[in-house]
Amino acid sequence: MPSGYPFKEIEAKWQRYWQRHRIFNVSPDAARPKYYCLEMFPYPSGKIHMGHVRNYTIGDVVARFKMMQGFNVLHPMGFDAFGQPAENAAIKNKADPGEWTHKCIDWMRNELKQMGFSYDWEREVSTCLPEYYRWNQWIFLQMLEKGLAYKKSSAVNWCPSCLTTLANEEVVNGGCWRCSTAVAQKDLEQWYLKITDYQDRLLEDLKQLKYWPERVITMQENWLGKSWGVEIYFREETTGEIIPVFTTRVDTIFGATYIVLAPEHPLVDKLIKDRPQEKKVRAFIEKVRKETRTIRSATDVKKEGVFSGAYAVNPVNNEPVPIWVADYVLMEYGTGAIMAVPAHDQRDFLFAKEHGLPMRVVIKNLEAARFAEREARRGSWKPEEMTEAHEGDGIQVNSGQFDGLPNTVAKEKIAAWMEETAIGKKTTNWRLRDWLISRQRYWGTPIPVIYCDHCGSLPVPEKDLPVLLPKKVKISGEGGSPLSQVKEFVKTKCPKCKGKARRETDTMATFFDSSWYFLRFCSPKNDKEVFYKKEVAYWMPVDQYVGGIEHAVLHLLYSRFFTKFLKDTGWVNFEEPFKRLLTQGMVLKNGEVMSKSKGNIVDPDEIIQKYGADTLRLAMLFAAPPEAEIDWADKGLEGAWRFLNRVWRLAEESLRLEAGGCPLRRARSEARKLEGGSVLDLRRKTHETIKKVTEDIEKEFKFNTAISAIMELVNQVYSLQFTVYSQEVKEAIEAVVILLSPFVPHIAEEMWEKLGYKESILKNPWPKYNPEILKQDIVSLVIQVNGKMRSRIDVSADIKEEELKKLVLADEKVKKWIQDKAVKNFIVVPGRLVNVVV
RNA sequence: GGGCGAGUGGUGGAAUGGCAUACACGCUGGACUUAAAAUCCAGUGGCCGUAAGGCUGUAAGGGUCCGACUCCCUUCUCGCCCACCA
């Protein structure tokens, strides 16, 4: 253990002090401006990791900074405690998920306290407690009533390893977001939330989020995936069935030479009936069904398909086109049917080549067209010889009355014409699907629904909430909802006819729990309502939210949806929950994510034992700007530790000087005589530092440069080498302590006390710089000749250009570079530089 | 395949039109010490030069500008997101 300042006693002392004086316990106060600072609450996995340390340290700096600026700061913490890992751990260790989770929570809470974070622990929530999840159930019932929660049977994402369903948002690269196992499709009856009812507002209101990172906005836009196009109605020749297809490239409609249905398309059955192709098509569909999503969506796999035997009529030219069934068309997107334009879509192109289907060029790229014409005259070019589809813009050809138009113009005209003639309809299409929320797992919120043979499916009456999750349930891990094995749970009375009934045995996805926890923090003990409207109106929206980028489309989209729903039902008075968002970068080790299997875990607890929480906090913040990745190196700790000791000695030394026969007043006059210049410089440096640190924290969270500015100030005090002690030195040292306090709160409190202050440093207002002191009478100007730095002169700040020119041209070094050349231009950037162009 | 972002010393990074490399790590040297650690001080992009000083340098190439790490174009590399999305 390195020797240095006694961090252990100091950190324990101030953590006790904050708790005893209830410094972070807040309540609404109309007299003060509020500030809600929130970090994404953790999943209680056991121990905190370096990612938590970073996330919560960033939030803590902001919260403490705002407190010192006089804001009434709400800074809560809780635990996202339901979920699969607890259940998996329980299966593995034959323990109870509840007990395991509570043990983890206790451990983590203790670690978070050791980091000195400024949380109001009286507001702690855990989503696995009935006093929390009963409101999950309540919100679910509100949604059920409004028709936003519904049950339907359809193909769902199924993780064969976790043995549960997954939301679309939880499928990453065709695999389960948790265990990466390839996701399969399964037909199941499941609960959904109609998030698609909110798609327009979810997209539109992204514009309001001016203080969100561009990346996250783009990711949400992509996820919502709005695109405009045309639904075109093809008619099947023998049955007369209308087959709508969706396209964003209606300009290529004249080049459609076949259409393709997804294997799951409901019309397929009817179309193939009694045709010679029937057997072959059915065999093909059966084969596709068995494929996992990963295999089916792999780009390098050859597109497979079969001819259905049926033909449809292209409504723009009444041409019959063959109907195919192929695996590259997805039922979930658009209408589940496409018009294929092999000349202008690469996938169609490859498919057409493979199966010998015709191609027709309808958009000509001018250069390609010239080439094609020349080759055609020679008789060597045929469309069949195209090597790839032309997907870019060009001029319409073979397109009836639209020939000669640029395709971008034709697109609009064709769409309008189709609407007039009822061949098609302009539509917008979304990528967003409804949110599947039921899970076949134990450790979650029971879905409050009862099934009665006579009355059907009914909501649990509000007065009967919460539907308690039974304890001591056997979890086999062998699939099926564990709750369905608990007879006492399943068996219930119908709320309507009082007859025998069954409970729903699926539980809610945990993302449901975290979609509104920030509202619960405003009145966490309310047992009458989901939250007090008044308290939410005071604290919300969250002014600053800090968390990982991995939630860009999951939690952050769901929370926005919940907020909008609660706005519509009159519970909140705002549309967006999070005003400002900071997504911190990951903490890596040797360029890799830390994980047990890689054996590259850095344990924060060990660092706290060795150096203390302040050193860890400082090292983390100083390593990189918050959004950037950090490749963790323990070396950074040494630097932070050294710096804190340097500051510690500075304060001690100054106190010794002040106490030991160096009274300030006398020292001041002597100091002026001896070191007047450097003492005045110190004063300016102090105020420059206050300005820089304040702006760095406030504007862009540039904690790394804020800290480096404080280091510079410390270096400057050291450069006086204690030859002087004066009011200016005292001012500098106090500024260092205050400015450091949001970053390293324990040591700052201790030094503040040593400097003679009786109250917590948090009660001291954040310092303001004095602009008068920043003004300089003499400024040093850089002199360039032809843009190259050649000299530097000191001039008075308000010098006139004429006089400056004289001085510059008289400068020896400048003369040397100009010699006898004529001065063409003389550029002055006031207070900065002069460029002489010759 | 599409979209977004990044590329600066030995290392983390700073500067977003005006002194490139702040601050820190590392390294080298010095002071203190019997010695070491700790601490304090100095030096530290490359090349030429005893020095003064000069040249050069922000992935590569080009452009705009009095002046470009910063803006524009082309190329390369890396990262992230989306993707049989019609």
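Chain letters run A, B, ... following the sequence lines, proteins first, then strands; residues in each count from 1.
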According to the Watson-Crick and G-U wobble definitions, with both distances under 3.5 Å, which nucleotide is paired to B:rA86?
none
State whether A:Glu332 and A:Arg433 are salt-bridged, where the test is any N-O pair (Lys NZ or Arg NE/NH1/NH2 against Asp/Glu carboxylate O) under 4.0 Å.
no
Euclidean distance, atom CG of residue A:Asp348 to atom P of B:rC85 [Å, nearest integer]:
10 Å
Considering only atom P, compute the distance from B:rC27 to B:rC78 and round it to an integer number of Å.
32 Å
Say we look at B:rU33 and B:rG43: how far apart would their P atoms be, to the nearest angstrom?
24 Å
With both distances under 3.5 Å as the test, what is the Watson-Crick or G-U wobble partner of B:rU58?
none
Using both distances under 3.5 Å as the test, list the Watson-Crick or G-U wobble partner of B:rA51, or none.
none
Determine, for A:Lys691 against A:Glu695, whether the closest basic-nitrogen to carboxylate-oxygen distance falls under 4.0 angstrom.
yes
Do NZ/NE/NH1/NH2 and the carboxylate oxygens of A:Lys426 and A:Glu412 come within less than 4.0 Å?
yes
Write out a two-atom table: protein N or O, nucleotide N or O from nucleotides 43-47 of chain B, distance below 3.5 Å.
none

What is the distance, to the nearest angstrom, from the NZ atom on A:Lys226 to the C1' atom on B:rC82?
19 Å
Residues pairing under salt bridge (Lys or Arg N to Asp or Glu O under 4.0 Å) where one sits in residues 780-795 of chain A, two or more places apart or in two chains, turn out to be none
Tell me the interatomic distance from A:Asn786, atom CG, to B:rG54, atom P, rounded to whole angstroms.
15 Å
Distance check, C1' atoms only: B:rU39 and B:rG7, in whole angstrom units.
39 Å
In this structure, how many angstroms lie between the P atom of B:rC84 and the CG atom of A:Leu261, rounded?
19 Å
Does B:rA68 pair with anything, Watson-Crick or G-U wobble, both distances under 3.5 Å, and if so, with which nucleotide?
none
Which nucleotide in the set B:rG53, B:rC84, B:rU39 lies at the smallest distance from any side-chain heavy atom of A:Arg649?
B:rU39
When you compare the side chains of A:Asp811 and A:Ser791, does any donor N or O come within less than 3.5 Å of an acceptor on the partner?
yes
May I have the step-by-step check of ring pair (Phe, Tyr, Trp, His ring centres under 6.0 Å) for A:Phe351 and A:Tyr328, ending in yes or no?
CA-CA 9 Å; A:Phe351 192 80; A:Tyr328 77 101; 5.1 Å; yes
Go through the steps for A:Trp641 and A:Tyr5 under the test ring pair (Phe, Tyr, Trp, His ring centres under 6.0 Å), then give the verdict.
CA-CA 9 Å; A:Trp641 168 250; A:Tyr5 81 97; 5.5 Å; yes
Spacing of the C1' atoms in B:rA20 and B:rG57 (rounded, Å):
9 Å
Does the protein touch nucleotides 15-31 of chain B at the base, only the backbone, or not at all? Give it as B, S and - per nucleotide, heavy atoms under 4.0 Å.
S--BB--BBSSS-----
Roughly how many Å apart are B:rG13 and B:rC66, using the C1' atom of each and rounding to a whole number?
31 Å
Restricting both atoms to N or O, compile the protein contacts to nucleotides 77-81 of chain B shorter than 3.5 Å, with distance only.
residue	atom	partner	partner atom	Å
B:rC80	O2'	A:Arg215	NH2	3.0

Heavy atoms from C-beta onward define the side chain here; which of B:rC40, B:rC84, B:rA86 lies closest to that of A:Tyr718?
B:rC40
With sequence neighbours excluded, what pairs up with A:Arg431 under the side-chain contact (heavy atoms from CB on, under 4.5 Å) test?
A:Trp223, A:Tyr333
B:rU44: pairing nucleotide in any strand, Watson-Crick or G-U under 3.5 angstrom
B:rG26
In whole angstrom, give me the gap between the P atoms of B:rC76 and B:rA60.
15 Å
Does A:Arg347 put a side-chain nitrogen or oxygen below 4.0 Å from OP1 or OP2 of B:rG1?
no
Output all residues satisfying side-chain contact (heavy atoms from CB on, under 4.5 Å) with A:Tyr558, sequence neighbours left out; order by chain, then residue number.
A:Ala167, A:Glu169, A:Ile195, A:Trp435, A:Phe511, A:Ser515, A:Leu554
Between A:Met339 and A:Glu214, which residue's closest nucleotide on RNA chain B lies nearer the 5′ terminus?
A:Glu214
For B:rU56 and B:rG67, measure between their P atoms and round to the nearest Å.
15 Å
Provide, to the nearest angstrom, the distance between the CD atom belonging to A:Glu652 and the P atom belonging to B:rC40.
14 Å
To the nearest angstrom, the CD-P distance between A:Glu653 and B:rU39 comes to 16 Å
Carefully, step by step, assess A:Leu781 and A:Leu804 under the rule side chain to side chain contact (heavy atoms under 4.5 Å, CB included).
CA-CA 10 Å; A:Leu781 289 186; A:Leu804 179 63; 3.7 Å; yes
Protein and nucleotides 55-58 of chain B: nitrogen or oxygen contacts under 3.5 angstrom:
residue	atom	partner	partner atom	Å
B:rC55	OP1	A:Arg790	NH2	3.4
B:rC55	OP2	A:Arg790	NH1	3.2
B:rU56	OP2	A:Lys788	NZ	3.0

Whole angstrom value for the distance that separates C1' of B:rA86 from CD1 of A:Ile253:
12 Å
I'd like the C1' distance from B:rG9 over to B:rC23, given in whole Å.
14 Å
What residues, two or more places apart in sequence or in another chain, satisfy side-chain contact (heavy atoms from CB on, under 4.5 Å) together with A:Leu581?
A:Trp212, A:Pro213, A:Val216, A:Tyr545, A:Leu556, A:Thr583
For B:rA15, give its Watson-Crick or G-U wobble partner with both distances under 3.5 Å, or none.
none
Quick one: which residue pairs count as a side chain to side chain donor-acceptor pair (under 3.5 Å) with a foot in residues 824-838 of chain A, not counting sequence neighbours?
none
ring-ring contact (aromatic ring centres under 6.0 Å, His included) against A:Trp632, all qualifying residues, sequence neighbours excluded
none
To the nearest angstrom, the CD-P distance between A:Glu332 and B:rA83 comes to 11 Å
Under the side-chain contact (heavy atoms from CB on, under 4.5 Å) test, residues paired with A:Thr705 that sit two or more places apart
A:Lys692, A:Asp696, A:Lys702, A:Ser708
Does A:Arg360 count as lying over the ring of A:Phe254, i.e. NZ or CZ under 6.0 Å from the six-ring centre, within 45 degrees of the axis?
no
Identity of whatever pairs with B:rG7 - Watson-Crick or G-U, under 3.5 angstrom:
B:rC76
How would you label the glycosidic angle of B:rG9: syn (within 90° of 0) or anti?
syn
Sorted by chain and residue number, the ring-ring contact (aromatic ring centres under 6.0 Å, His included) partners of A:Phe701 (sequence neighbours excluded) come out as none
